[in-house]
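Heads up, the thing below is written out as structure tokens.
All values below come from the heavy atoms of this structure, side chains included, with hydrogens, waters and symmetry mates left out. We number each residue from 1, following the sequence as shown. Both counts, for ligands and for their atoms, begin at 1 and track the order of listing.
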Amino acid sequence: MRLVVVGADGRMGRMLIRAVAESEGCTLSGAIEREGSPALGQDAGTLAGLQPLGVPVTDDPLPVFAAAEGVLDFTTPAATTFFAELAAQARIVHVVGTTGLSEADLGKLAAAAHHARIVRSGNMSLGVNVLADLVRKVAAALDPSFDIEIVEMHHRMKVDAPSGTALLLGEAAAEGRGVSLPEVRVSTRDGHTGARRPGDIGFATLRGGTVVGDHSVTFAGAGERITLSHHAEDRGIFARGAVRAAQWAFPQAPGFYDMTDVLGL
Ligand SMILES: NC(=O)C1=CN([C@@H]2O[C@H](COP(=O)(O)OP(=O)(O)OC[C@H]3O[C@@H](n4cnc5c(N)ncnc54)[C@H](OP(=O)(O)O)[C@@H]3O)[C@@H](O)[C@H]2O)C=CC1
Ligand SMILES: O=C(O)C1=N[C@H](C(=O)O)C[C@H](O)C1
């Protein structure tokens, strides 16, 4: 499968180039960066710490998308909605790892999914998606008097909060409990907040250092607590998940999919 990496010089972009190069049945057919990026013109393999792959980084996505079968996109919301339109025009697979997307951004992706095969997830790792399944089951099994709190920690450069993974886990908890996350979500607490409202799902965000991604979901009841957690140690888990998603989506019909479809969860 001919794959393009957009945001090629990013933390995930470089990891994705490596994952594509190491995946059987995949070749890197293009690497895109934004206009003015110092990576433009460099070989994508060299950029990712590999031998040269003969793929120069460019800021012109049109010819690159036209010659590709899929695009791996871990960039920014503005870039992702732009690339979704191009992927729809080219009728190719678009794997979206970008987090911090607004409802309006998601609407644009849904529109693009009439023609593109889009797989989007706040976390492309197998471990987190299995964790989400467990969270859904635990939330359904426990009575609603258990308070649900989600804590995440990421590196100091992360720009969005709560993380896409925290929101994915919150959605799983809300689904298990049969409630709508926007109605029970509490993402900030400061000052005299009053007592916890029964049924709320709380989010706490920590930022610092080089943490790849830590998430935990605590179910706190009267006299007991259950905590389920995941610790990402290497961004390769997200990159390999993204390549797997692209390969899964290749034979599918146009549509909007997520990692539960890819992994059959
Ligand atoms: N779903 C998942 O499993 C995971 C999701 N993520 C998400 O992926 C996203 C990227 O994370 P990360 O790699 O750490 O971030 P980085 O900032 O390191 O990488 C983003 C890259 O995209 C580039 N970029 C921005 N705009 C454009 C554009 N218009 N065209 C081409 N390239 C562009 C940036 O360039 P420049 O810096 O020059 O602006 C940068 O190189 C985040 O939203 C993060 O939360 C991360 C890990 C796993
Ligand atoms: O920005 C990151 O680094 C990560 N972002 C994703 C998120 O928002 O959950 C996935 C992973 O935790 C790393």
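Residue contact annotation: Gly100 has no non-hydrogen atom under 4.0 Å from ligand 1. Residue contacts with ligand 1 include Gly122, since one of its heavy atoms falls under 4.0 Å from the ligand. Using a 4.0 angstrom heavy-atom cutoff, Thr98 counts as in contact with ligand 1. Judged by the shortest distance from any of its heavy atoms, Phe82 lies outside the 4.0 Å radius around the atoms of ligand 1.
Protein heavy atom nearest atom 3 (O) of ligand 2, with residue, atom name and distance: His155 NE2, 2.8 Å. Ranking protein heavy atoms by distance to atom 12 (O) of ligand 2, first place goes to His154 NE2, 2.6 Å.
Under a 4.0 Å criterion applied to the non-hydrogen atoms of Met12, ligand 1 contributes the atoms 13 (O), 46 (C), 47 (C). Within ligand 2, counting atoms from 1 as listed, the ones closer than 4.0 Å to a heavy atom of Gly122 are 6 (C), 7 (C), 9 (O), 10 (C). The contact set between ligand 2 and Thr165, taken as ligand atoms under 4.0 Å from a residue heavy atom, comprises 7 (C), 9 (O), 10 (C), 12 (O).
Put simply, atom 1 (N) of ligand 1 has protein non-hydrogen atoms near it, under 4.0 Å away.
Here's the thing with Ser125: none of its N/O atoms is less than 3.5 angstrom from an N/O atom of ligand 1.
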Could you go step by step and tell me if Asp73 and His94 meet the side-chain hydrogen bond (donor to acceptor under 3.5 Å, both in side chains) rule? CA-CA 7 Å; Asp73 179 350; His94 187 192; 3.0 Å; yes
